[in-house]
Asks: 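Sharing a structure below in structure tokens format, with a few things to ask.
Throughout, a chain's letter reflects where its sequence line sits, starting with A, and its residues are numbered from 1.
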There are 2 protein chains.
Amino acid sequence: MPPETLTAERILETTEEVLRRYGPAKATVVDVARALGVSHGSVYRHFRTKAALREAVTQRWLDQAHAELSALAEDGGRPAQARLRAWLEALFAAKRRKAGGDPELFATYMALTEEHSSVVAEHVAVMVGLLTRIIRDGAAGGEFAAGDPEAAAQAVWDATVRFHDPAYAAEWFTPGIDAAFSAVNDLILRGLRA
Amino acid sequence: MPPETLTAERILETTEEVLRRYGPAKATVVDVARALGVSHGSVYRHFRTKAALREAVTQRWLDQAHAELSALAEDGGRPAQARLRAWLEALFAAKRRKAGGDPELFATYMALTEEHSSVVAEHVAVMVGLLTRIIRDGAAGGEFAAGDPEAAAQAVWDATVRFHDPAYAAEWFTPGIDAAFSAVNDLILRGLRA
DNA sequence: GCGCTGACAGATTTCAATATCTGTCAGCGC
DNA sequence: GCGCTGACAGATATTGAAATCTGTCAGCGC
């Protein structure tokens, strides 16, 4: 059906399928090439290394999350407190959805996290950037204490680590996690208030 | 030199030495027995399984931390805010000291954490209990908002996970960690205030 | 009697031989 | 010319046989 030209995009789609089927430990570049009906040399024409290929898949996957969360962060109309709470809830919900619905891709993302990949570092930077925007808005509007918004955003990120770091994914499906999450949320929001 | 009677205590001391020397992955019950100059059957006379032996070593090791932190938590004379800050700082300092000074024993503790050992669960419960005491005192004295002190203590524990969960030990020695730690501390303390 | 030993079964780990994979590149064929 | 192939070297993973370990227990010796 698709003997079309081999593009980076088509390789990424197939790599996702292969990762979903075999998991990050078993999926090989040869598997991807086989699924595409090409030699593995052709894959290396588009991605210099296997690590680069995995990073690109993760990048693509993380970018989906950015769209939704950007929208929430930029909605300047709503009070910053409500926006921050909604943002943190959306983040947790998205992560939980990914962890439960795409376990193999999520495992890939976890592996990258442990490798200190620049893609993950970039993702964290973007996320903290979105938090910074909300907190800056809140400080400008008098809702939040006017300190260093960037430092505050980093502190919020650090304090909610248990609810977005993939290392804790196993705990996201245990009873009581929602109560724990809102308790931390409340604490943080009170801490930010002017 | 010590052909004295074989006691649980003597076994634990030797197990610590063996763990320090070989690390949790390599240390075996046979190694411990050899170091003690007895057969490994004798070790099983005092500890039913290898897991029980490792748990006991970890227990002993965690108990050292309890003493210092208990004293800080119970010093009713000082303001709760200062006490909480000092407690969290002492916790972080102690963990960091253990991680750096006793890497092999720390790895054992980490392995147990991943196994969901009851010893670690118990340790966490004790720690949250100490936090609860400080927060309850603070609420009674009007320093902290009077909510559910136990839930608040759990939230504080969760929000500081990055600074006491052994999974993050590698980050405890990176530059900027102290600033991140005090930013989270400040956020939490502001959040607790009445 | 009582604590220890040491042999044992089954589970786990180690090790080395083998197979597979990653990344490169000369050259084929459109 | 240009994108793809497929053979190749070195690195990594798999496999199965051998070694070691865990946990048990009958019996030795003090």
Side-chain angles (χ1 to χ4, degrees), chain A residues 1-59 104 107-108 110-112 114-119, chain B residues 1-58 104 107-108 110-112 114-115 117-119:
Chain A
M1 207 194 289
E4 308 167 17
T5 44
L6 187 60
T7 62
E9 185 58 24
R10 231 155 71 69
I11 293 173
L12 287 177
E13 282 164 17
T14 305
T15 305
E16 262 199 35
E17 277 168 39
V18 170
L19 278 170
R20 253 194 281 269
R21 173 184 282 271
Y22 299 115
K26 289 284 184 182
T28 71
V29 176
V30 172
D31 290 332
V32 174
R34 198 176 5 243
L36 282 162
V38 300
S39 98
H40 73 281
S42 305
V43 174
Y44 278 97
R45 168 164 294 283
H46 291 87
F47 297 92
R48 260 213 313 277
T49 66
K50 182 186 187 181
L53 179 56
R54 293 208 300 178
E55 282 202 357
V57 169
T58 307
Q59 177 97 74
E104 301 295 10
T108 304
M110 261 170 81
L112 280 184
E114 275 157 28
E115 282 163 19
H116 301 104
S117 152
S118 63
V119 170
Chain B
M1 205 193 281
E4 308 168 16
T5 43
L6 187 61
T7 62
E9 185 59 24
R10 230 155 71 71
I11 292 174
L12 286 178
E13 282 165 16
T14 305
T15 304
E16 262 200 34
E17 277 168 38
V18 170
L19 278 169
R20 253 193 283 268
R21 173 183 282 270
Y22 299 115
K26 290 281 184 185
T28 70
V29 176
V30 172
D31 290 332
V32 173
R34 201 177 2 248
L36 282 162
V38 301
S39 99
H40 73 282
S42 305
V43 174
Y44 279 98
R45 168 164 295 283
H46 291 86
F47 296 93
R48 257 210 318 272
T49 66
K50 183 187 187 182
L53 178 56
R54 292 208 301 178
E55 281 201 0
V57 170
T58 307
E104 300 296 10
T108 304
M110 261 170 80
L112 279 184
E114 276 157 28
E115 282 164 19
S117 151
S118 64
V119 170

Asks: How many angstroms lie between CG in B:D31 and NE2 in B:H40, if you round to the nearest 0.5 Å?
Replies: 12.0 Å
Asks: Both distances below 3.5 Å, Watson-Crick or wobble geometry, any strand: find the nucleotide opposite D:dC21.
Replies: C:dG10
Asks: Under 4.0 Å between a side-chain N or O of A:S42 and OP1 or OP2 of D:dT5?
Replies: yes
Asks: Is C:dA19 paired to anything, Watson-Crick or G-U wobble with both distances less than 3.5 Å, and if yes, which nucleotide?
Replies: D:dT12
Asks: Return the value, rounded to whole Å, for the distance between atom CG of A:L6 and atom P of D:dC2.
Replies: 18 Å
Asks: Answer with base, sugar-phosphate or nothing: what part of the nucleic acid does B:V30 contact at a heavy-atom distance below 4.0 Å?
Replies: base
Asks: Measure the CG-OG1 distance between A:L112 and A:T108 for me, rounded to the nearest 0.5 Å.
Replies: 7.0 Å
Asks: What's the CG-P distance between A:L36 and D:dG6, to the nearest Å?
Replies: 15 Å
Asks: Taking OH from B:Y44 and P from C:dC8, how many angstroms apart are they, rounded to a whole number?
Replies: 18 Å
Asks: Looking at every non-hydrogen atom in both residues, tell me the closest pair between A:L6 and A:S42 and how far apart they are.
Replies: CD2-CB, 3.6 Å
Asks: Can you tell me which nucleotide in C:dT22, C:dT5, D:dG23 comes closest to the side chain of A:V29?
Replies: C:dT22
Asks: Answer yes when B:R20 and B:E16 have at least one side-chain N-carboxylate O distance shorter than 4.0 Å, and no when they do not.
Replies: yes
Asks: Between A:R45 and A:A27, who's closer to the 5' end of DNA chain C by nearest nucleotide?
Replies: A:A27
Asks: Round to a whole Å and report the spacing from CZ of B:R54 to C1' of D:dG23.
Replies: 15 Å
Asks: What distance separates A:Q59 CD from A:S117 OG, expressed to the nearest 0.5 Å?
Replies: 8.5 Å
Asks: Could you let me know what C:dG29 is paired to, Watson-Crick or G-U wobble, both distances under 3.5 Å, or none if it's on its own?
Replies: D:dC2
Asks: Rounded to the Å, how far apart are B:R34 CZ and D:dT22 P?
Replies: 10 Å
Asks: Roughly, in whole Å, what's the span from CZ in A:R48 to C1' in C:dC25?
Replies: 16 Å
Asks: Closest-nucleotide mapping onto DNA chain D: is A:H46 or B:G41 further toward the 5' terminus? I mean the 5' end.
Replies: A:H46
Asks: So if I take every side-chain heavy atom of A:V38 and compare against C:dC21, D:dT5, C:dT5, which nucleotide ends up nearest?
Replies: D:dT5
Asks: Would you mind reading off the distance between B:D31 atom CG and D:dA19 atom C1', rounded to a whole angstrom?
Replies: 15 Å
Asks: Please confirm whether the shortest side-chain N or O distance from B:K26 to OP1 or OP2 of C:dT14 is below 4.0 Å.
Replies: yes
Asks: Tell me if the side-chain of B:H40 makes a donor-acceptor pair with the base of C:dG6, cut-off 3.5 Å, by modelled atom types.
Replies: no
